[in-house]
Amino acid sequence: MTVPGWGVAAALLANVLYSCGFVLEKRALSRLPPLSVRRPVQVVRWLLGSPLWLAGSLALAAGFAAQLVVYRTLPVAAAQGLFAAGLVLVLLLSSVVLGERTTGRERLATVAVAAALVLVAASLHGADATELGRTARTGTLLACALPALVAGLWGYAAAERRARRRHRVTGTGVPYGVAVGLLYGVSSLAIKGLAGLPEATEGTGARDIWPPGVPEVLAAFGALWATPYPYLLLGTGAAGLVLSQAALQRCRASLLVPVSSAVSGVFAVVCGTLAFGEPLPGDPVRLVLRLGGTAVALAALLALDRRPPPSTPAPAPSAPAPAVVSGRTVSVTRRRTTADAVPPPDSY
């Protein structure tokens, strides 16, 4: 029997690791040349040559391991409600480490997500809190994943076309966040499926012998590749590596990461609950806490300000003082010449 407390602790640890990883990668990307999704090999070569980016990637990899623990312990809806709390740390680190200015709406969203975290955690009591779906129906999973992948790639390409038009205002990060969020949503379903694979290998002998021998390892490995989960994870991981890093270099991390988290969270909650057949709490009070907390967290992320934070206006040049000539005020304007740009010799 799984313990929900371990899942909550793992979710909070995953939030810390993911937030630190994204901020480290953003810091590293600011020191790299502009990345182009049309040159994926060049992008990967530049990324692997940055020690700071590699440190951020290691943090994300550790967050992935913690996420596996979460999905083995908690339902998808509860897990996504807890993952949304990472917004608080992302905004804080983006402001302190990256110097990004946050808006009032983003600060209000931080408070809302913290309240949603309390609601979701309060719903994790009772026998049905540990009733999890281990495997998904392949047809249902692909019916959710494939359209999302197509929509994410199309949306990213559309955002790229808009960014190349000089007469359009770009850089808010919302279109990129939506596209990347769809890829991350499919990745979440694949991770959820991988987390339940030990139960899916019953009958192969891989779960009954410890430490497992070569036949048991081969049986578990064969069962892994007989499912769609590794293919979805590898596909979204390869595409997301190039697309997300190019978008993160151009846009504010304090907006791109929350928007992509909101989109992936909504997708994972709806499609994950449907594909894996996970039950919701039977108690009406805990059902309201579970759904209400998840809805508040996702709504707060979706309501983030789409405009960039206001910049400090540059001071206007001072006008020349008027001169008084014969009792009349005359505006003195003089064209700057080349001689004006060079001080006279006696001023050195």
If Ile, Leu, Val, Met, Phe, Trp and Tyr residues are connected whenever their side-chain heavy atoms lie under 4.5 Å apart, and connections chain through other members, are [X] and [Y] in the same group?
| X | Y | result |
| --- | --- | --- |
| Val43 | Leu32 | yes |
| Leu241 | Trp46 | yes |
| Leu47 | Leu98 | no |
| Val16 | Tyr18 | no |
| Val242 | Tyr156 | yes |

**Item:** Test side chain to side chain contact (heavy atoms under 4.5 Å, CB included) applied to Val69 and Leu13, step by step
**Value:** CA-CA 11 Å; Val69 177; Leu13 176 61; over 6 Å; no

Any sub-3.5 Å donor-acceptor pair from [X]'s side-chain atoms to [Y]'s backbone N or O?
| X | Y | value |
| --- | --- | --- |
| Gln245 | Val44 | no |
| Glu100 | Ser94 | no |
| Arg250 | Pro34 | no |
| Ser95 | Leu92 | no |

Check whether any side-chain heavy atom of [X] sits under 4.5 Å from a side-chain heavy atom of [Y], and report yes or no.
| X | Y | value |
| --- | --- | --- |
| Leu141 | Leu232 | yes |
| Thr273 | Pro75 | no |
| Arg72 | Trp6 | no |
| Leu183 | Leu149 | yes |
| Leu29 | Leu35 | yes |
| Leu52 | Arg31 | yes |

Heavy-atom closest pair, residues [X] and [Y]:
| X | Y | answer |
| --- | --- | --- |
| Trp53 | Ala28 | N-CB, 3.5 Å |
| Lys192 | Leu74 | NZ-O, 4.0 Å |
| Gln67 | Ser188 | NE2-OG, 4.1 Å |
| Val178 | Val259 | N-CG1, 3.9 Å |

**Asked** Can you check side chain to side chain contact (heavy atoms under 4.5 Å, CB included) on Val90 and Val23, steps first, answer last?
**Response** CA-CA 8 Å; Val90 169; Val23 170; 5.6 Å; no

Interatomic spacing from [atom1] in [X] to [atom2] in [Y] - rounded to 0.5 Å:
| X | Y | atom1 | atom2 | answer |
| --- | --- | --- | --- | --- |
| Ser261 | Tyr184 | OG | OH | 8.5 Å |
| Ser36 | Glu160 | OG | CD | 7.5 Å |
| Leu68 | Thr73 | CG | OG1 | 10.5 Å |
| Ser187 | Phe64 | OG | CZ | 9.0 Å |
| Leu17 | Leu58 | CG | CG | 11.0 Å |

**Request:** Go through Leu256 and Lys26 one step at a time and tell me if the side chain to side chain contact (heavy atoms under 4.5 Å, CB included) criterion holds.
**Result:** CA-CA 11 Å; Leu256 178 70; Lys26 174 65 176 179; over 6 Å; no

**Prompt:** Does atom CZ of Arg45 have more than 12 heavy-atom neighbours from other groups under 6.0 Å away?
**Reply:**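 Correct, the count exceeds 12.
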
**Test side chain to side chain contact (heavy atoms under 4.5 Å, CB included) applied to Leu194 and Leu233, step by step** = CA-CA 9 Å; Leu194 290 176; Leu233 187 60; 3.4 Å; yes

**Prompt:** How would you list all residue pairs meeting ring pair (Phe, Tyr, Trp, His ring centres under 6.0 Å) that involve residues 229-283, not counting sequence neighbours?
**Reply:**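 Checked against ring pair (Phe, Tyr, Trp, His ring centres under 6.0 Å) - neighbours excluded - the pairs reaching residues 229-283 are Trp225-Tyr231.
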
